[in-house]
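We name chains A, B, ... by the order of the sequence lines, and we start the count at 1 in each one. What you see is a predicted model, and the numbers here were worked out from it, not measured in a lab.
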Amino acid sequence: MSTTETPRSLNFIEEIIEDDFKTGKHTEVVTRFPPEPNGYLHIGHAKSICLNFGLALEYGGRCHLRFDDTNPAKEEQEYADAIKRDVHWLGFDWQEHLYHASDYFQQLYDFAEHLIRSDKAYVDSLTAEEIREHRGTLTEPGRESRFRTRSVEENLDLFRRMRAGEFEDGAHVLRAKIDMASPNINMRDPVLYRIKRETHHRTGDDWCIYPMYDYAHPISDALESISHSLCTLEFEAHRPLYDWCIDNLPMLPSKPRQIEFARLNLNYTVMSKRKLLRLVQEKHVNGWDDPRMPTISAYRRRGYTPEAIRAFAEEVGVAKRENVIDVALLEHSVRNHLNKTANRVMAVLRPLKVVIENYPAIETEWFDSPNNPEDASAGTRRVPFSRELWIEQDDFMEEPSKKYFRLAPGREVRLRSAYFVTCTGVVKNDAGEITEVLCTYDPATRGGDAPDGRKPKATLHWVSAGDAIDCEVRLYDRLFRSEFPEDAGDFLADINKDSLEVIPHAKLEPSVKGATPETRYQFERLGYFVVDSETTGEHPVFNRTVTLKDTWSKVATKG
RNA sequence: UGGGGAGUCGCCAAGUGGUAAGGCAGCGGCCUUUGGAGCCGCCACUCGGAGGUUCGAAUCCUCCCUCCCCAGCCA
């Protein structure tokens with residue numbers, strides 16, 4: 001090896017895969033991403049998507065997209081469509097390998113009959129409450145149902161009649177016959193099928209019995225010859241059942257292995273689908289793609305890039321210990337990508353009028369400004385300059401502190417790509433508020449450099465007042481005030497009321513005119529912004545993706 | 001007090017018996033036509049704890065402690 005770089009070490013799943021190659025257990029990696037279409041995908045799913053599709057890419061295998069649609073009461077086509085859109089947007093392609101657990105309903109049913117014939121499953125007619133009572137507790141074994149000893153014939157007959165719709169919902173269930181005394185509660189004769197008269201978004205009313213996850217999942221994996229079935233930690237105790245299903249159905253074409261990893265958690269947000277659903281349904285946010293949500297579609301609307309999210313997933317790693325990732329790491333990932341790819345532009349959020357007294361009123365001159373100092377190939381754009389400009393209110397202080405080095409009376413600063421200007425005074429209204437800042441400019445500093453080499457301490461962004469585009473800018477802050485919103489009890493009580501600030505009339509340089517949704521910019525000195533999906537020609541709307549790192553704010557708050 | 005997992009820097013995470021990678025955050029400094037970016041430096045004598053084995057232990061053994069998951073006809 002001539003390289004001095006240390007290769008990234010393998011995560012524990014990669015180690016298993018490489019070991020399987022070494023021992024000849026597998027010659028190919030086949031993974032799957034198995035969402036239930038009952039909500040939108042969130043950043044936690046993104047980790048799983050990157051893991052599953054990433055492993056397939058890394059080892060030249062494939063990754064299936066399989067909808068785990070075994071509970072029609074909660075599932076909808078809209079969610080399935082959104083999920084496909086999000087996976088594609090993240091940059092992954094399942095090609096022809098789009099599957100549904102519901103594709104296997106008939107096979108799943110036939111396998112269930114096989115289990116019955118093998119005396120490995122039985123129809124139980126206890127009520128749900130009775131089943132719960134019979135299950136025992138964590139420390140006491142369960143009790144066998146009085147229906148557990150039904151004959152194979154009777155079980156087969158009952159199961160067929162369940163399928164035929166002869167019984168009410170809940171009248172019977174099909175259970176695996178395993179061990180009511182197992183220390184693993186999941187092995188105490190788990191339910192395999194329940195009667196549920198719900199219209200399924202794909203199979204309509206073809207079925208009135210639906211398989212449970214624990215039964216459908218391992219079989220679906222096996223039917224697709226999944227080699228490594230990756231899921232989250234809470235399924236660890238279900239693994240014996242996963243293996244039980246596969247081991248008792250010898251006609252299955254393969255024996256996949258379930259491997260569990262720790263799900264992603266992010267601070268200052270909630271991640272459970274149930275809670276995200278509530279935020280949407282109770283209108284605490286404006287839909288699943290509200291830019292404050294941790295959903296993939298929200299991050300997209302917020303201006304995040306697929307590259308940034310993939311890099312984030314890579315950064316957080318894969319292991320088995322519970323973790324809470326600092327949202328600052330996610331923000332780092334976007335800044336990192338956008339810094340290299342987003343064109344710079346000038347926008348003033350909170351405008352303060354500047355009048356350059358020695359600049360001719362009728363004149364407009366155009367300056368070239370770099371689109372991206374990080375990337376010369378991004379070229380330059382033309383920005384108009386005139387006598388009246390907007391600058392940020394924050395960039396002027398009548399009585400500056402010692403560490404403040406922006407514009408102040410008597411002080412000279414550079415206007416980015418334009419001229420040096422010196423503040424000569426202010427105009428105030430009757431209330432004593434500053435309405436205008438008066439300046440003079442130095443014609444010799446055209447373009448932003450002084451022939452005598454003097455360097456102002458500050459460079460300000462600005463927009464020519466007469467040329468500015470009026471636009472709406474939405475500033476987002478974290479949706480929750482606490483690092484762990486669910487810890488205090490009611491996570492809704494922790495919602496940050498100031499998580500959205502709308503600036504109805506920000507001033508934008510004219511080069512941005514006509515930008516289409518999802519176009520990303522850096523507003524110089526402010527942050528990264530993206531054209532929102534609600535933008536129109538007459539009413540441009542921008543979302544703040546993330547601020548720039550702001551060392552001044554640290555200095556300022558330290559005092 | 002059953003079973004299954006996990007404990008390495010504030011947050012992640014390498015490490016697989018040979019003397020604690022890296023990233024984020026933080027803190028200094030340099031540089032800068034973004035107080036951005038970039039660059040440089042600092043940031044675990046110690047790996048949940050206590051014993052033991054060994055020339056040598058985060059890695060092996062024993063005991064203990066803490067945290068997470070499981071009692072849906074959800075996934």
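Rounded to whole Å, the distance from OH on A:Y193 to P on B:rA75 is 12 Å. Atom CD of A:E234 is separated from atom P of B:rA6 by 15 Å (rounded to the nearest Å). Between the P atom of B:rA71 and the CZ atom of A:R143 lies a distance of 18 Å, rounded to the nearest Å. Atom pair A:Y40:OH and B:rA75:C1' shows a separation of 19 Å (rounding to whole Å applied).
Taking the O4'-C1'-N9-C4 or O4'-C1'-N1-C2 dihedral as appropriate, B:rG10 has a value more than 90° from 0 and is therefore anti.
No salt bridge links A:R202 with A:E75; every basic N to acidic carboxylate O contact stays at or beyond 4.0 Å.
Within 6.0 Å of atom CZ in A:R163, more than 12 heavy atoms from other residues, nucleotides or ligands are found, so the atom counts as buried in its surroundings.
Legend: residues meeting salt bridge (Lys or Arg N to Asp or Glu O under 4.0 Å) with A:E166, ordered by chain and number and at least two apart, are A:R161. With sequence neighbours excluded, no residue satisfies salt bridge (Lys or Arg N to Asp or Glu O under 4.0 Å) with A:E392. Taking the salt bridge (Lys or Arg N to Asp or Glu O under 4.0 Å) definition, one finds that A:R382 meets it with A:D368, sequence neighbours left out.
Between the P atoms of B:rU1 and B:rU8, the separation comes to 22 Å (whole Å). One C1' atom belongs to B:rU19, the other to B:rC45, and the distance between them is 11 Å to the nearest Å. Across B:rG10 and B:rG2, the matching P atoms stand 33 Å from one another, rounded to whole Å. A gap of 23 Å separates the P atoms of B:rA50 and B:rC55, to the nearest Å. One P atom belongs to B:rC60, the other to B:rC67, and the distance between them is 24 Å to the nearest Å. Distance check on atom C1': B:rG52 versus B:rG17 gives 15 Å, rounded to whole Å. Comparing the same atom, P, in B:rC24 and in B:rA37 gives a spacing of 11 Å after rounding to whole Å. Distance noted for atom P between B:rC40 and B:rU53: 47 Å (whole Å).
For the OP1/OP2 pair of B:rG72 and a distance below 4.0 Å, the side-chain nitrogens and oxygens of A:R135 include at least one atom meeting the criterion. Residue A:K549 places no side-chain N or O under 4.0 Å from the OP1 or OP2 atom of B:rU34. Between A:K196 and B:rC73 there is no side-chain N or O to OP1 or OP2 distance below 4.0 Å. Using a 4.0 Å cut-off, no side-chain N or O of A:H461 falls inside it from OP1 or OP2 of B:rU34. Within the structure, every side-chain polar atom (N or O) of A:R188 is placed at least 4.0 Å from both OP1 and OP2 of B:rG2. Between B:rG4 and A:R239, no contact under 4.0 Å exists linking OP1 or OP2 to a side-chain N or O.
Checking B:rG26, B:rC73, B:rA37 against every side-chain atom of A:K554, the shortest atom distance belongs to B:rG26. Comparing B:rG72, B:rC74, B:rU34 against the side chain of A:R132 picks out B:rG72 as the nearest. Which of B:rG2, B:rU34, B:rC69 sits closest to the side chain of A:T139 comes down to B:rG2. The side chain of A:A328 lies closest to B:rA25, out of B:rA25, B:rG36, B:rC74. Ranking B:rG2, B:rC73, B:rG35 by closeness to the A:I131 side chain, first place goes to B:rC73. Considering only the side chain of A:T459, B:rG35 comes nearest among B:rG26, B:rG35, B:rG36.
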Letter per nucleotide, 5' to 3', of nucleotides 8-13 of chain B [B base touched, S only sugar-phosphate touched, - untouched; heavy atoms, 4.0 Å]: B--SSB
Pair A:Y40-A:I83, side chain to side chain contact (heavy atoms under 4.5 Å, CB included): steps then yes or no: CA-CA 6 Å; A:Y40 277 57; A:I83 287 167; over 6 Å; no
CA sep, side-chain torsions, deciding dist, call: A:F312, A:I325, side chain to side chain contact (heavy atoms under 4.5 Å, CB included): CA-CA 10 Å; A:F312 171 71; A:I325 307 296; 3.7 Å; yes
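Donor-acceptor pairing under 3.5 Å, judged by distance alone, is present between the side chain of A:R406 and the base of B:rG35.
Residue contacts for A:L241: at a heavy-atom cut-off of 4.0 Å it reaches no nucleic acid atom on any strand shown. Note on A:E236: only backbone sugar-phosphate atoms sit closer than 4.0 angstrom, heavy atoms only; bases stay farther off. Backbone-only engagement by A:K455 is indicated by non-hydrogen atom pairs under 4.0 Å involving sugar-phosphate atoms exclusively. Residue contacts shown for A:Y210 are absent, as no nucleic acid heavy atom lies under 4.0 Å away. Counting non-hydrogen atoms under 4.0 angstrom, A:Y419 reaches nothing in the nucleic acid. Within 4.0 Å of A:D449, counting heavy atoms only, lies at least one base atom of the nucleic acid. Contacts of A:F235 with the nucleic acid, taken as non-hydrogen atoms under 4.0 Å apart, include base atoms. As judged by a 4.0 angstrom heavy-atom cut-off over every strand, A:S417 is placed among the base-contacting residues. Using a 4.0 Å heavy-atom cutoff across all strands shown, A:Q522 reaches at least one base atom of the nucleic acid. A:T70 comes within 4.0 angstrom of sugar-phosphate atoms only, judged by non-hydrogen atoms across all strands, and of no base.
Below 30°, between 30° and 60°, or above 60°: for A:F529 and A:F523 the angle between ring planes is below 30°, a parallel geometry. Between A:H45 and A:H42, the ring planes lie tilted relative to each other; the angle falls in the 30° to 60° range. Note: A:W207 and A:F105 have perpendicular aromatic rings, judged against thresholds of 30 and 60 degrees for the angle between ring planes. Between A:Y242 and A:H217, the angle of the ring planes lies from 30° to 60°, which puts this pair in the tilted group.
Remark: A:M212, A:Y213 in residues 212-224 of chain A come within less than 4.0 Å of RNA chain B through at least one heavy atom. Non-hydrogen atoms lying under 4.0 Å from RNA chain B are contributed by A:V173, A:P183, A:I185, A:N186, all within residues 171-187 of chain A.
Donor-acceptor pairing under 3.5 Å is lacking for the side chains of A:N71 and A:Y213. A side-chain donor from one of A:R150 and A:S125 sits under 3.5 Å from a side-chain acceptor of the other. A donor-acceptor contact closer than 3.5 angstrom links the side chains of A:Q77 and A:H201. Side-chain polar atoms of A:S229 and A:R32 form a donor-acceptor pair below 3.5 angstrom. Between the side chains of A:E374 and A:N372, no donor-acceptor pair of N or O atoms lies under 3.5 Å.
With both pairing distances under 3.5 Å, B:rC24 is matched to B:rG10 as a Watson-Crick or G-U wobble pair. A 3.5 Å limit on both hydrogen-bonding distances identifies B:rA50 as the Watson-Crick or G-U partner of B:rU62. When both distances must be under 3.5 Å, the Watson-Crick or G-U wobble mate of B:rG2 is B:rC70. Figure legend. B:rG38 is base-paired to B:rC30; pairs are counted as Watson-Crick or G-U wobble with both atom distances under 3.5 Å.
Between A:P373 and A:G136, the one whose closest nucleotide on RNA chain B sits nearer the 5' end is A:P373. Remark on RNA chain B: of its neighbouring residues A:E524 and A:E36, the 5'-side contact belongs to A:E524, judged by nearest-heavy-atom nucleotide.
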